[in-house]
2 protein chains.
Amino acid sequence: MDQNSLPPIHTTARDDAVLKALVRFVMQEALEPGQKLPTERILSDRLKVSRNTVREALTRWEGLGLVERRQGSGTYLKAAVSPDMLHLPLTLAGGNDFTSLMQTLEIRRALEAEAAALCAERASPADIAEIERKLDIMEQAFRTLDGMSSEEDWEFHQAIYRVSGNPLFEQIIAAMHELFHRFWEHPLGVRDFGHASFPYHRTIYECIAARDPRGARAEALKLIATVEDDLKRGAAKLKLSDLR
Amino acid sequence: MDQNSLPPIHTTARDDAVLKALVRFVMQEALEPGQKLPTERILSDRLKVSRNTVREALTRWEGLGLVERRQGSGTYLKAAVSPDMLHLPLTLAGGNDFTSLMQTLEIRRALEAEAAALCAERASPADIAEIERKLDIMEQAFRTLDGMSSEEDWEFHQAIYRVSGNPLFEQIIAAMHELFHRFWEHPLGVRDFGHASFPYHRTIYECIAARDPRGARAEALKLIATVEDDLKRGAAKLKLSDLR
DNA sequence: AGTGGTCCAATGGTCCAACCAATTTCTGCA
DNA sequence: TGCAGAAATTGGTTGGACCATTGGACCACT
């Protein structure tokens, strides 16, 4: 008998109940990111639970980046909430060393390739025009600055994620991007970092415009490969300087 | 003037300090996942902070899946901790409807393909033998039960993630698997769900054994494609029954 | 009108002491 | 020896208190 499907009842779920009530409240009041939530004392009073319980619930939301608490000011909504949210807490061991960056890149390669393929399948003419616009801006910045501009580059990739039609791509990559933000900009002291990846932006775009998922996937893989090479070059350089 | 070079100062950080002390403790004692942490009362006493503060710190860790609290028993470590951990809190809107499952599958397709390719590149002979063992068990279960066994199937895929050499794959997929696990087992009432995906498990293994990353990637894509087809069939079925 | 200073109420952060609820451990009887 | 019930342990909750920071109100002076 499969008794594993039986016991998911938690008679006590005080703080969870608080969060559920908060979701209801936020939706009812149509609160948007940036707006202020009721104070802890008011919540504690209205929900008939102790203020500590309210605090534990809010602490969880704060940990999930849903909310920001400012002492003396209040608690502010930081992201949109919906009744059926999925929380995917990821804790990555290891910091900013070469290995961690490499592992992150492998994840990005996986998602980037898939997003490009989906994008090639689903992009509307308007979407394609939008991506081309971002591409033009990026290429312009590349020429004037004589190098990759991480800002415009990022916008180009974001556009692809968005057009892929699956918001999860953008969310996952955005979270990683925020984490490694500093290192994706000036990683390991390689001066012309990302230079080699430049031409593949256009080839990816062309595959998308031609509705060629396989091609888009392949070009995306090539792009990340060049970034990985840059990273390895940077690591080798560091190793050399360690010997001095 | 560049006033951006004046970053906000952060004076107080009680609960953060508690977490840092806890990291130090865990490493010093070489605690491994599954082992018990000191009780809240002891921590509160030793660290000279209130039990509430300890609780808030532990609540954060619990939210990150680092720790599990069992009332009446204790607080247990659930994952390895290191001083430089990076937390990636993802909150995804969307629930258990068809669209969400489909989007999840697209993420899984991306990661599965990449993991299979990496696995084909890096697997040692021992790794390959281990994967073959899991494959045999799965095929055995398939024949005796006349259908996919999600447990053994999951073990097979987990082995691939592990051999890929990048722990992020396993972590991300495991988190998603935990979220959707009810639906990955009995999705949408399709009785022979996953049946069609069966042969591709062996073809993936063969590509890995042959050190063929491209082939492994392609076979993994095919496998997920069959699952997507099953899902679409299930959705169509539901739509029909809605009309009655 | 603007600048700086002071005060004060609101709000999140911390603390304490107690009790509740689930779990584990111990005890004593059969 | 076996096991049911008591006792200790441990996380969960409560209510109340005080501290630290914030932001607005008010005021004096320029």
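Worth knowing before you read on, the calculation uses all heavy atoms, side chains too, and leaves out hydrogens, waters and symmetry mates. The chains referred to below are lettered A, B, ... by the order of the sequence lines, with proteins before strands, and numbering in each begins at 1.
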*Could you state the CD-C1' distance from B/Gln71 to D/dT9, rounded to the nearest angstrom?*
12 Å
*How close or far is atom C1' of C/dA10 from atom CG of A/Leu43, stated in whole angstroms?*
15 Å
*What's the CD-P distance between A/Glu40 and D/dG15, to the nearest Å?*
15 Å
_Gap between atoms CD and P, on A/Glu62 and C/dT11 respectively (whole Å)_ = 18 Å
*asked:* Between A/Arg51 and D/dG16, is there a contact of a side-chain N or O with OP1 or OP2 at under 4.0 Å?
replied: no
*May I ask you to decide whether B/Arg55 forms a salt bridge with B/Glu40, counting only side-chain N to carboxylate O separations under 4.0 Å?*
yes
*For DNA chain D, whose closest nucleotide is more 5', that of A/Tyr76 or that of A/Ser44?*
A/Ser44
_Please tell me if B/Thr53 has a side-chain N or O lying less than 4.0 Å from either OP1 or OP2 of C/dT14._
no
*Over how many whole Å does the gap from B/Asp45 atom CG to D/dT10 atom P extend?*
13 Å
_Atom pair CH2/CG of B/Trp61 and B/Leu77 - distance to nearest 0.5 Å_ = 7.0 Å
*Is there a side-chain polar atom (N or O) of A/Thr39 under 4.0 Å from OP1 or OP2 of C/dA10?*
no
*Can a salt bridge be assigned to the pair A/Lys78 and A/Glu68 using a cut-off of 4.0 Å between side-chain N and carboxylate O?*
no
*In whole Å, what is the span from the CZ atom of B/Arg55 to the P atom of C/dG13?*
17 Å
_So, applying side-chain contact (heavy atoms from CB on, under 4.5 Å) with A/Thr75, which one of A/Lys36, A/Arg69, A/Glu62 is it?_
A/Arg69
*asked:* Side-chain N or O of A/Ser73 versus OP1/OP2 of D/dT21: is the shortest distance under 4.0 Å?
replied: no
*asked:* On the side chain of B/Arg69, is there an atom forming a donor-acceptor pair with the base of D/dG12 - under 3.5 Å, no angle test?
replied: no
_Check this for me: does the side-chain of B/Asn52 come within 3.5 Å of the base of C/dG13 through a donor and an acceptor?_
no
_Atom-to-atom span, CZ of B/Arg70 to P of C/dA21 - whole angstrom_ = 21 Å
*asked:* Both B/Arg41 and B/Glu56 contact DNA chain C. Which one's nearest nucleotide lies toward the 5' end?
replied: B/Glu56
_Rounded to whole Å, please give me the gap between CG in B/Asp15 and C1' in C/dT14._
10 Å
*Is any NZ, NE, NH1 or NH2 atom of the basic residue among B/Asp136 and B/Arg133 found under 4.0 Å from an Asp or Glu carboxylate oxygen of the other?*
no
